[in-house]
Amino acid sequence: MRIGVLGTGGVGRSIALGLTAQGHEATIGTRNVEALMARTEPDAMGNEPFGGWNEVNPQISVGTFAEAAAHGELVVNATNGMGSLEALRAAGKENLDGKVLIDISNPLDFSGGMPPPLFVSNTDSLGEQIQREFPEARVVKTLNTVASNLMVEPSLVADGDHTVLMSGDDQAAKAQVGEILRSFGWRHIVDLGDITTARGAEMYVALWVRLWQSLGTPILNVKVVQPES
Ligand SMILES: NC(=O)c1ccc[n+]([C@@H]2O[C@H](COP(=O)([O-])OP(=O)(O)OC[C@H]3O[C@@H](n4cnc5c(N)ncnc54)[C@H](OP(=O)(O)O)[C@@H]3O)[C@@H](O)[C@H]2O)c1
């Protein structure tokens, strides 16, 4: 399948690599291709400049947000939460309408340093804001609760026996996203319900950030357990 991955950070790179390893064709989207390729410093998360990464991963094409979204039969939002709506506007409603839109973004505000507060919570979520602004896109919030490398390789911890969450209004879209998650190795996928359930998944990230600080690594996850039936 052709997939447009909006976002050039650790998440966009990891998802694009994970998808191409499964035989999909990925185009990564950015605000400005020339500016992206001209960067020589690592990004805020310490990832090497994009150009060097792309040289060793030439199977991933690069374009603007609009070009990546137009390329995709399915689109992934892996942009900074503060800029996600702006990035999706640049991608273009016409390039999102009718498509499954996997939303991995988190509403984190890093402007005041660590730990970042959420800029939307409790009675709304970034996932809902995206679904409201792009009502014809079939938004599925998922993978936002784990680190970028764990997203596509859950077996990095506990043999992959831990939980990933999913929220969205469109059942068929969630079924398709579930298949992609299983192709990455996820076995325990909890469908929380409609897109309003993204509130919980996004607010959990406040705890995830604290776990990361406390344990000294972001390679961690939770497993939801229930009584044997
Ligand atoms: N890092 C993780 O392990 C992790 C885990 C779970 C969820 N997430 C979430 O996944 C998303 C991506 O995270 P990340 O760490 O890969 O990178 P990031 O630095 O949060 O995001 C990088 C991307 O956001 C775009 N961007 C930044 N500001 C923008 C603006 N004002 N308007 C439009 N686009 C803008 C950048 O565009 P350019 O390409 O033009 O620079 C770039 O493509 C975030 O929402 C994050 O909270 C991250």
Side-chain angles (χ1 to χ4, degrees), residues 4-18 26-51 53-54 60-69 75-92 101-111 114-121 125-127 129-130 133 139-154 156-157 164-167 181 184 198 201-213 217-222:
V5 180
L6 312 181
T8 59
V11 176
R13 297 181 199 190
S14 183
I15 289 288
L17 280 179
T27 296
I28 277 196
T30 182
R31 282 170 285 193
N32 180 321
V33 176
E34 213 176 308
L36 175 71
M37 292 305 188
R39 286 180 199 160
T40 53
E41 298 296 319
D43 68 16
M45 297 290 285
N47 296 299
E48 69 171 309
F50 189 87
W53 177 84
N54 197 217
I60 316 264
S61 346
V62 187
T64 61
F65 285 138
E67 286 165 346
V75 179
V76 178
N77 175 35
T79 60
N80 189 278
M82 301 274 277
S84 283
L85 286 170
E86 212 176 311
L88 289 163
R89 284 177 204 131
L101 174 59
I102 298 180
D103 174 33
I104 309 181
S105 65
N106 277 314
L108 297 175
D109 177 0
F110 285 97
S111 60
M114 286 288 278
L118 301 169
F119 62 78
V120 56
S121 62
S125 62
L126 186 52
Q129 291 182 344
I130 291 170
E133 180 150 345
V139 179
V140 179
K141 182 112 214 171
T142 191
L143 291 173
N144 64 304
T145 57
V146 292
S148 56
N149 41 359
L150 209 50
M151 291 175 189
V152 298
E153 200 177 350
L156 284 174
V157 292
V164 68
L165 308 170
M166 187 157 67
S167 304
L181 293 174
F184 291 152
E202 291 180 6
M203 287 191 285
Y204 161 80
V205 173
L207 173 60
W208 180 76
V209 168
R210 294 296 190 155
L211 288 168
W212 175 355
Q213 289 185 306
T217 173
I219 312 302
L220 61 95
N221 197 14
V222 294

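Just so you know, ligand 1 is whichever comes first in the structure, and atom 1 is the first atom listed for that ligand.
Leu17 has its side chain out of reach of Val152: every pair of non-hydrogen atoms, C-beta onward, lies at least 4.5 Å apart. Residues Val120 and Gln129 form a side-chain contact, since some pair of their non-hydrogen atoms from C-beta on lies under 4.5 Å apart. Residues Thr27 and Glu67 are not in side-chain contact: their nearest non-hydrogen atoms beyond the backbone lie 4.5 Å or more apart. Side-chain atoms of Ser105 and Ile130, non-hydrogen and from C-beta on, do get closer than 4.5 Å to each other. Side-chain contact between Phe65 and Thr79 is present, with at least one heavy-atom pair separated by less than 4.5 Å. In this structure, the side chains of Leu143 and Val164 come closer than 4.5 Å at one or more pairs of heavy atoms. Tyr204 has its side chain within reach of Val222: a pair of non-hydrogen atoms, C-beta onward, lies under 4.5 Å apart. Taking the side chain as every heavy atom from C-beta outward, Trp53 and Ile28 approach each other to under 4.5 Å.
The shortest contact between atom 45 (O) of ligand 1 and any protein heavy atom is with Thr79 O, 2.7 Å. The nearest heavy-atom contact from the protein to atom 33 (C) of ligand 1 is Gly83 O, 3.4 Å. The nearest heavy-atom contact from the protein to atom 15 (O) of ligand 1 is Met45 CG, 4.1 Å. Atom 17 (O) of ligand 1 has its closest protein heavy atom at Gly9 CA, 3.9 Å. Atom 24 (O) of ligand 1 has its closest protein heavy atom at Asn80 N, 2.9 Å. Annotation: atom 3 (O) of ligand 1 to nearest protein heavy atom, Ser148 N, 3.0 Å. Given atom 40 (O) of ligand 1, the protein heavy atom at minimum distance is Arg31 NE, 2.8 Å. In terms of protein heavy-atom proximity, atom 43 (O) of ligand 1 is closest to Thr8 N, 2.9 Å.
The backbone of Val146, and not its side chain, has at least one atom closer than 4.0 Å to an atom of ligand 1 (non-hydrogen atoms only; backbone = N, CA, C, O). Looking at Met82 against ligand 1, nothing comes within 4.0 Å, counting heavy atoms. When non-hydrogen atoms are compared, ligand 1 lies under 4.0 Å from neither the backbone nor the side chain of Phe50. If you look at Ala78 next to ligand 1, the close heavy atoms, those under 4.0 Å, all belong to the backbone. The proximity of Glu86 to ligand 1, defined as any non-hydrogen pair under 4.0 Å, is limited to the side chain. Looking at Arg89 against ligand 1, nothing comes within 4.0 Å, counting heavy atoms.
For ligand 1, the atoms lying closer than 4.0 Å to a non-hydrogen atom of Ser105 are 45 (O). Listed by number with element, the atoms of ligand 1 under 4.0 Å from a non-hydrogen atom of Gly7 are 43 (O).
Panel note: side chain Asn77, backbone Leu88; no donor-acceptor pair is recorded below 3.5 Å.
Some N or O of Asn106 is nearer than 3.5 Å to an N or O of ligand 1, by distance alone. Inclusion of Trp208 in the set of residues having an N or O under 3.5 Å from an N or O of ligand 1 is not warranted. The distance criterion of under 3.5 Å between nitrogen or oxygen atoms is not met by Ala147 with respect to ligand 1. By the 3.5 Å distance cut-off applied to N or O atoms, Arg39 is counted among the residues near ligand 1. In terms of polar-atom proximity, defined here as any N/O pair under 3.5 Å, Gly10 does make such a contact with ligand 1.
Of the residues listed (Thr217, Leu220, Asn221), the one engaging Leu211 in a side chain to side chain contact (heavy atoms under 4.5 Å, CB included) is Leu220, and it is the only one.
Summarising the local packing, CZ of Arg89 is surrounded by more than 12 heavy atoms from other residues, nucleotides or ligands at distances under 6.0 Å.
Among Val33, Val11, Asn77, Leu6, the residue whose heavy atom sits closest to atom 2 (C) of ligand 1 is Val11. If you check each of Leu36, Ile104, Asn32, Thr30 against atom 9 (C) of ligand 1, the one with the closest non-hydrogen atom is Ile104.
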Next item on the list: Evaluate side chain to side chain contact (heavy atoms under 4.5 Å, CB included) for Ile60 paired with Asn54, printing each intermediate quantity in order.
Entry: CA-CA 7 Å; Ile60 316 264; Asn54 197 217; 4.2 Å; yes

Notebook entry, point to check: Would Asn106 and Trp208 count as a side chain to side chain contact (heavy atoms under 4.5 Å, CB included) if you check the C-alpha gap in whole Å, the side-chain angles of each, and the deciding distance to 0.1 Å?
Noted result: CA-CA 12 Å; Asn106 277 314; Trp208 180 76; 5.8 Å; no

Checklist line | Working for side chain to side chain contact (heavy atoms under 4.5 Å, CB included), residues Met82 and Phe119 | finding: CA-CA 8 Å; Met82 301 274 277; Phe119 62 78; 3.6 Å; yes

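Ligand 1 has at least one atom lying under 4.0 Å from a heavy atom of Gly81.
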